[in-house]
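Residue numbers begin at 1 in each chain, while the letters A, B, ... track the order of the sequences. What's counted below: heavy atoms across the whole structure, side chains too, no hydrogens, waters or symmetry copies.
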Number of protein chains: 2
Amino acid sequence: MQISSRFTIAVHILICIETFKEDYKVTSDFLASSVNVNAVVIRRLLQQLKRAGIVDVKRGSGGAVTAKPPGEITLLDIYNAVECVEEGKLFHFHENPSQECPVGKNIHAVLDDRLEQIQGAMEREMKSISIQDIMNDTKKLIEK
Amino acid sequence: MQISSRFTIAVHILICIETFKEDYKVTSDFLASSVNVNAVVIRRLLQQLKRAGIVDVKRGSGGAVTAKPPGEITLLDIYNAVECVEEGKLFHFHENPSQECPVGKNIHAVLDDRLEQIQGAMEREMKSISIQDIMNDTKKLIEK
DNA sequence: AATGGATGTATCAAAAATGATTACAACAAA
DNA sequence: TTTGTTGTAATCATTTTTGATACATCCATT
């Protein structure tokens with residue numbers, strides 16, 4: 001199955017925060033308008049990003065800001081923050097392969113490393129892209 | 001969300017077919033026992049693998065065999081065969097970003113390439129691993 | 001200290017995907 | 001013709017996601 005839209009929405013949120021931080025108070029309603037989803041979805045995501053140390057959210061007066069420089073926030077950080085899968089495992093393994101069958105008994109031993117290798121390649125690529133990178137592209141497009 | 005267990009089950013199936021092809025008729029019931037899921041789940045997967053040209057399944061008399069050498073069946077082939085997502089896209093994009101917002105309007109333009117880059121890294125790694133590779137490891141473990 | 005705008009979070013509902021299971025027609029070989 | 005198997009439809013339960021409402025909590029400002 002696909003990786004949830006939480007991930008692309010979270011990236012969208014961070015780009016918004018950085019783009020508008022000078023000119024607007026970036027509230028969950030503001031973000032909800034840009035992304036076009038319910039404000040509660042945004043608040044839930046902001047909580048996850050906050051727990052991961054990526055953003056700060058102010059109660060009462062309101063508004064979200066990044067908690068560290070955009071160059072230090074990678075897509076992998078965001079993925080890990082919002083993709084709440086057990087131990088960050090990309091692949092769902094079938095639960096109870098037969099221990100009587102020679103193949104069933106060994107399937108984990110022969111597959112686990114390969115799956116990690118694949119997931120590792122994906123994560124390496126995610127780690128190589130920062131919010132700053134995407135901000136640079138965004139600025140260029142907006143200025144045009 | 002995670003990639004469905006259809007993927008690991010499909011790999012398990014193929015390893016079973018190759019491991020037992022000399023000694024048993026590998027039926028959906030046989031495979032269901034090793035994987036420990038319902039036989040219909042196996043049959044559905046075998047159909048998907050068949051449509052992708054990976055296995056042949058015999059009606060009536062029964063049994064499944066690989067349709068090409070295991071060295072030519074990669075994990076990417078299997079992934080594409082069973083992970084029935086629209087256009088094979090790994091990431092689910094939020095549907096309707098606001099066209100009024102400068103960020104919403106451009107979010108696809110700035111993200112699509114990056115997402116493809118990540119997915120590409122994953123697929124490259126999947127393509128580098130064949131059923132033969134996994135068979136080699138499996139044989140070693142079984143013989144021990 | 002009252003107010004007003006915002007967050008944090010619980011709860012419920014709806015939609016989509018997964019996976020289990022039953023049932024049975026179609027098929028092929030003995 | 002019998003037997004074992006595949007191919008596939010139909011149904012159900014479960015899980016995950018996403019949408020939506022509601023409201024207590026918070027905090028800056030008046």
**Item:** Set of residues satisfying side-chain contact (heavy atoms from CB on, under 4.5 Å) with respect to A:Asn80, sequence neighbours excluded
**Value:**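 In terms of side-chain contact (heavy atoms from CB on, under 4.5 Å), with neighbours along the sequence ignored, A:Asn80 is linked to A:Leu76.
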Identify all side-chain donor-acceptor contacts of residues 48-55 of chain B below 3.5 Å with residues at least two apart in sequence or on another chain.
none

**Asked** What one-letter contact string describes nucleotides 18-30 of chain D from 5' to 3', where B marks a base within less than 4.0 Å of any protein heavy atom, S marks contact via sugar-phosphate atoms alone, and - marks no contact?
**Response** SBBBB--BBSS--
**Prompt:** On DNA chain C, which is the earliest and which the latest nucleotide, 5' to 3', with an atom closer than 4.0 Å to a heavy atom of chain B?
**Reply:**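 So the outermost contacting nucleotides come out as C:dT18 to C:dA29.
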**Contacts of type salt bridge (Lys or Arg N to Asp or Glu O under 4.0 Å), residue B:Lys21, not counting sequence neighbours** =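 With neighbours one apart ignored, the set is B:Glu18.
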**Prompt:** Partners of A:Glu125 by salt bridge (Lys or Arg N to Asp or Glu O under 4.0 Å), sequence neighbours excluded?
**Reply:**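 With neighbours one apart ignored, the set is empty.
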Could you give the side-chain donor-acceptor pairs of residues 23-34 of chain B under 3.5 Å, partners two or more places apart or in another chain?
| residue | atom | partner | partner atom | Å |
| --- | --- | --- | --- | --- |
| B:Lys25 | NZ | B:Ser61 | O | 2.7 |
| B:Thr27 | OG1 | B:Asp29 | N | 3.4 |
| B:Thr27 | OG1 | B:Phe30 | N | 3.1 |
| B:Ser28 | OG | B:Arg43 | NE | 3.2 |
| B:Ser33 | OG | B:Asp29 | O | 3.3 |
| B:Ser34 | OG | B:His12 | NE2 | 2.8 |

Could you tell me which residues satisfy side-chain hydrogen bond (donor to acceptor under 3.5 Å, both in side chains) with [X], sequence neighbours excluded, listed by chain and number?
X: A:Thr19; result: none
X: A:Glu116; result: none
X: B:Asn136; result: B:Gln132

**Request:** Can you tell me which residue pairs pass the salt bridge (Lys or Arg N to Asp or Glu O under 4.0 Å) test with a partner in residues 91-115 of chain B, sequence neighbours excluded?
**Result:**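 Pairs touching residues 91-115 of chain B that pass the test: A:Asp137-B:Arg114.
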**Residues from residues 17-29 of chain A lying under 4.0 Å of DNA chain C - heavy atoms** =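 Nucleic-acid contacts, sorted: A:Lys25, A:Thr27, A:Ser28.
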